[in-house]
Amino acid sequence: QVRLVESGGGLVQPGGSLELSCAASGFIFSSYSMYWYRQAPGLERELVASIDGTSRRKTYGDSVKGRFTISRDNTKKVVSLRMDGLKPEDTAVYYCRASTNRGLFWGQGTQVTVSS
């Protein structure tokens, strides 16, 4: 079955960096776009970044443009999110999502907390 497992979250000071990873299995990874979302307490889940199967097309939410970078390794079936210049408002649970021909699938999420 489809499985997405996020890792790399944690506590970081403002201005710091983190890199999240999402390991995928159960589908043809290279055939599908992958997404990172986040959800802060009391707020709706928002799209952070997306990447197509070939890595040619990447999109970013306005709040993270220029600070976050999405990438993928189709050999390892991993999609990553490099986060630089972190701000307290980046604090959220970050989720990986796959859109496949069998439907949408989500990981369990990883907590990112930006605080001094």
Side-chain angles (χ1 to χ4, degrees):
Q1 71 276 23
V2 174
R3 191 162 183 241
L4 301 171
V5 180
E6 301 98 334
S7 61
L11 173 64
V12 63
Q13 292 188 342
S17 299
L18 278 177
E19 182 157 350
L20 307 182
S21 295
C22 172
S25 60
F27 62 105
I28 303 173
F29 183 74
S30 59
S31 294
Y32 300 103
S33 296
M34 296 295 296
Y35 305 81
W36 283 100
Y37 281 76
R38 69 185 181 186
Q39 188 166 21
L43 299 179
E44 291 188 356
R45 195 168 292 191
E46 66 167 333
L47 177 63
V48 175
S50 68
I51 185 168
D52 73 357
T54 64
S55 300
R56 288 196 198 107
R57 188 166 185 270
K58 302 175 185 180
T59 64
Y60 297 94
D62 288 341
S63 60
V64 306
K65 279 180 184 175
R67 299 188 298 122
F68 290 13
T69 303
I70 190 170
S71 61
R72 65 189 294 160
D73 184 330
N74 285 345
T75 300
K76 295 181 180 178
K77 300 183 180 181
V78 172
V79 58
S80 299
L81 185 70
R82 171 74 182 186
M83 306 184 293
D84 297 312
L86 283 161
K87 305 175 181 180
E89 51 264 42
D90 294 317
T91 295
V93 178
Y94 284 71
Y95 297 90
C96 173
R97 193 193 90 175
S99 295
T100 77
N101 61 339
R102 283 181 279 162
L104 301 179
F105 297 89
W106 295 88
Q108 82 288 351
T110 186
Q111 176 70 46
V112 171
T113 302
V114 185
S115 175
S116 54

List in chain and number order the residues that pass side chain to side chain donor-acceptor pair (under 3.5 Å) with [X], two or more places apart in sequence or in another chain; answer none if no residue qualifies.
X: Ser55; result: none
X: Asp73; result: none
X: Thr110; result: none

Handout entry: Atom pair CD (Gln111) and CG (Leu11), whose distance is rounded to the nearest 0.5 Å
Key = 9.5 Å

Fill in the blank from the handout: d(Arg82 CZ, Thr69 OG1) to nearest 0.5 Å is 8.5 Å

Practice task
Could you note down all residue pairs passing disulfide (SG to SG under 2.5 Å) where residues 46-106 supplies at least one of them, sequence neighbours left out?
Solution key: Cys22-Cys96

Handout entry: disulfide (SG to SG under 2.5 Å) contacts touching residues 45-93 (sequence neighbours left out)
Key = none

Handout entry: Partners passing salt bridge (charged side-chain N to carboxylate O under 4.0 Å, His left out) against Arg67 (at least two apart in sequence or in another chain)
Key = Asp90

Within 6.0 Å of [atom1] in [X], more than 12 heavy atoms from elsewhere:
X: Gln1; atom1: CD; answer: no
X: Ile28; atom1: CD1; answer: no
X: Lys58; atom1: NZ; answer: yes

For [Y], does its backbone N or O pair with a side-chain atom of [X] as donor and acceptor, under 3.5 Å?
X: Arg38; Y: Val112; answer: no
X: Asn74; Y: Gly53; answer: yes
X: Arg3; Y: Ala23; answer: no
X: Gln108; Y: Glu6; answer: yes

Would you name the heavy atoms of [X] and [Y] that are closest together and state the gap between them?
X: Ala40; Y: Ala92; answer: N-CB, 3.8 Å
X: Leu43; Y: Gln39; answer: O-NE2, 3.1 Å
X: Val2; Y: Arg102; answer: CG2-NH2, 3.8 Å
X: Ser17; Y: Gly85; answer: OG-N, 4.4 Å
X: Ser80; Y: Val78; answer: OG-CG1, 3.8 Å

Qualifying residues under side chain to side chain contact (heavy atoms under 4.5 Å, CB included), relative to [X], sequence neighbours excluded:
X: Leu104; value: Arg97, Ser99
X: Ala98; value: Leu4, Phe27, Met34, Thr100
X: Val12; value: Leu18, Leu86, Val114

Practice task
Report whether Phe105 and Ile51 are members of the same hydrophobic cluster (ILVMFWY, side-chain heavy atoms less than 4.5 Å apart, transitive linking).
Solution key: yes

Problem - Shared hydrophobic cluster, Leu81 / Val93 (ILVMFWY, side-chain heavy atoms < 4.5 Å) - result: no

Completion exercise
Contacts of Tyr37 meeting ring pair (Phe, Tyr, Trp, His ring centres under 6.0 Å) (sequence neighbours excluded), chain-then-number -> Trp106

Practice task
Enumerate the residue pairs fulfilling ring-ring contact (aromatic ring centres under 6.0 Å, His included) with a member in residues 49-96, sequence neighbours excluded, ordered by first and then second residue.
Solution key: none

Practice task
Would you mind listing every side chain to side chain donor-acceptor pair (under 3.5 Å) that reaches into residues 18-34, with sequence neighbours excluded?
Solution key: Tyr32-Asn101

Problem - Non-hydrogen side-chain atoms of Glu89 and Ser63 separated by less than 4.5 Å - result: no

